[in-house]
2 protein chains.
Amino acid sequence: MTENVTVKTLARELNISIATVSKALNDSHEISLDTKQKVLALAKKLKYERNPAASNLRSQKTKTIAVIVPEIANSFFSLAINGIEEIARKRDYHVLIYQTHENSDTETAFTESLVCGRVDGILISVSSSTNNSLHFKSLVKKIPVVFFDRAIDDIDAIKVTTDDYESAYNATLHLIENGCKNIAYLSALSKLDTGKKRIQGYLDALKNKGLGFNEGLMVTHDADKDKTYDRIKNLLTSQKPDAIISSVEEMVIPAYHACKALGMRIPDDVKILSFSNLSTAALLNPSLTTITQPAFEIGQEAAGFLFKLLDKKYFTTDEIPVLKSVLIKRDSTAG
Amino acid sequence: MTENVTVKTLARELNISIATVSKALNDSHEISLDTKQKVLALAKKLKYERNPAASNLRSQKTKTIAVIVPEIANSFFSLAINGIEEIARKRDYHVLIYQTHENSDTETAFTESLVCGRVDGILISVSSSTNNSLHFKSLVKKIPVVFFDRAIDDIDAIKVTTDDYESAYNATLHLIENGCKNIAYLSALSKLDTGKKRIQGYLDALKNKGLGFNEGLMVTHDADKDKTYDRIKNLLTSQKPDAIISSVEEMVIPAYHACKALGMRIPDDVKILSFSNLSTAALLNPSLTTITQPAFEIGQEAAGFLFKLLDKKYFTTDEIPVLKSVLIKRDSTAG
DNA sequence: GCAATTCACTTAAACGTATTCGTAAATAAA
DNA sequence: TTTATTTACGAATACGTTTAAGTGAATTGC
């Protein structure tokens, strides 16, 4: 461990004050070009690295943002994080990632550990088990926050979302057009706007096309994977649906497995489609029809708005876009 | 913005010194139980949060580790990160995530930005384009580093890896046993030990079983996805292999697509298997035989060793396990 | 030609915590 | 009783940076 090179070292070496050094490094207008170049040159030579802790402490800026997501091992979120990272990189920001694993308490603990100046801003997609918005309300008052995809309903904050209602509605229409009359729905996120809108799109499409609905057609997600699987299996045997819409990627996998186990053929016996960003959707057996959200773009947009907040650039809420998902028709819903 | 509550606030309120408060908060032995309780109680009441920047600056500890991976949207890495996170959480550490997108320059830039005390340690799986180990050598001298899965060959550092040679060897045997005689190999990571060992396992199996090999059977990965696809397609038409081993997940998807495009049936015309952690492997058309690495465990182990380094717990290199991958036989290699 | 301004730099004071070194009282050892 | 040790706390400083305020010299304005 050789002695650490700090602004002090540079100042001593160049016979100038540390203030001048600091300002030169920050490209301040009150430093002459000549001095700046000298400082920069020596800094490079001595491999000076600014101490982030000291800088953060003094400036109250961390050049770091936090991303809180339910799960990283999920195509949607990992793509969204890619989008976020791309924007953060351009601004030379660091990205802290936290996974809630859909646990609301974990989520609360994370946000509380972040308010004390560890990060400059937060991007969050809330956990499905979150139903108490109280602590989020206090959070957004303390630190810039942007919600993406999954937001808290009754909170006044920036939310970057997709057209959940329309895409669910259109997907349902697609099934109806292909002759389905008994369409089941695998429900998740029902506590969140995201989930509610998807359900509503489905229900409205059924209604507008004069199709019936009964509670039995709706299966809700369970944290326990086996339970979810059993419920889906039970749905298939008891309701004999001719189609299934899955509101999340995590439920369509067990749905495929259940069909396989029960010897039901997709799409002949039952058609399936799902909200999903799976890269292998086209290679599944059969290839899966998906409602694919623009995950990468959502991340980019959300990060973009967070930086606008950090820059204190004012904008109106109607500048916040609702991104469009796209229905990709494949074999699993073929007529 | 109400005034920030700091140790000073607590000290003033309790009529004790800030030193005592700080020590009480850190559960120092030189503070009486009585005082500790008073401090803790007030801290809770006033919602005191330790300022991380100040703490880092003074203690030279950040309670943060960095994870550098090629890509987050990859089942292996996202699972590994899950493992890392689990261990970090237990220790109350924060996790910074950086993606190199397989770019060596980006990788270098990241590591350089991390040495100046932003994190206490680094977990890294190096990018496939990395061939210069020089800067890694200087890195490991400055800060605790643990490599996982993809390590630099000629560097003396802690590496948590899997049995790449054996698993490639066994996978090749599996194909040979199922009657394949002209086995192609989709090569990636060939600059790294990880990739070299996989290739060697494949070559040795061929040799030991008296099967021939020619350069044409080996297709290398290209950053350009279209190029990779074209190469695979070209391989299939020119070499007419009866089997393909893919050394990475990213190449097996285009391989499936190429077979589809050329009307080749898997596994009848060509059998395929791949190193992969895809959660949908069993649902592909046909289901994919995989060499599945224990990604989550690798993350756990790597993080565990990083914390041992941070704790300055000494251990011998033979304590570092080589984890075992498992060959999961599915339809894509069915005899 | 003199006041007003700009320029380029310095001084000094933070930011909030952790820690070293004291110290006075209480306790234990002799 | 006297001395040595322990206990519980405080004063002061350092961590490395940023920045408000100040300063003397050079430049500008009228």
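Residue numbering restarts at 1 for every chain, and letters A, B, ... go by the order of the sequence lines. As the structure is a prediction and not an experimental result, all values here were calculated from the model.
A salt bridge links B:Lys36 and B:Asp27; the closest N-O separation between the charged side-chain nitrogens and carboxylate oxygens is under 4.0 Å. Using a 4.0 Å cut-off between charged nitrogen and carboxylate oxygen, B:Arg91 and B:Asp120 do not count as a salt-bridge pair.
Taking side-chain N and O atoms only, B:Ser32 has a distance below 4.0 Å to OP1 or OP2 of D:dC9. OP1 or OP2 of D:dT18 sits under 4.0 Å from a side-chain N or O of A:Asn26. Look at A:Ser17 and you'll find a side-chain N or O under 4.0 angstrom from OP1 or OP2 of C:dT10.
Checked against C:dA8, C:dT17, C:dA13, the side chain of B:Ala54 finds its nearest nucleotide in C:dT17. Ranking C:dT17, D:dC9, D:dT17 by closeness to the B:Val7 side chain, first place goes to C:dT17. Of the listed nucleotides (C:dC9, D:dG16, C:dT17), C:dT17 has the atom at the smallest distance from the side chain of B:Ser55.
Between the side chain of A:Glu30 and the base of C:dC7, no donor-acceptor pair of N or O atoms lies under 3.5 Å.
Across residues 110-117 of chain B, not one residue has a non-hydrogen atom less than 4.0 Å from an atom of DNA chain D. Taking every heavy atom of residues 18-25 of chain B and every atom of DNA chain D, pairs under 4.0 Å involve B:Ala19, B:Thr20, B:Lys23, by number. At a non-hydrogen distance threshold of 4.0 Å, A:Thr35 from residues 33-50 of chain A come into contact with DNA chain C.
Residues meeting the side chain to side chain donor-acceptor pair (under 3.5 Å) test with A:Ser28, sequence neighbours left out: none. In terms of the side-chain contact (heavy atoms from CB on, under 4.5 Å) criterion, A:Asp156 has no residue partners (sequence neighbours excluded).
B:Asn56 and A:Arg118 share no donor-acceptor pair across their side chains, judged by distance under 3.5 Å alone.
Residues B:His29 and B:Leu57 each lie close to DNA chain D; by heavy-atom proximity, the contact nearer the 5' end of the strand is made by B:His29.
The aromatic rings of A:Tyr93 and A:Phe307 lie perpendicular to each other, with more than 60° between the two planes, well past the 30° mark.
Axis deviation across the helix from C:dG1-D:dC30 to C:dA30-D:dT1 amounts to 30°, comparing end segments of five pairs, rounded to 10 degrees.
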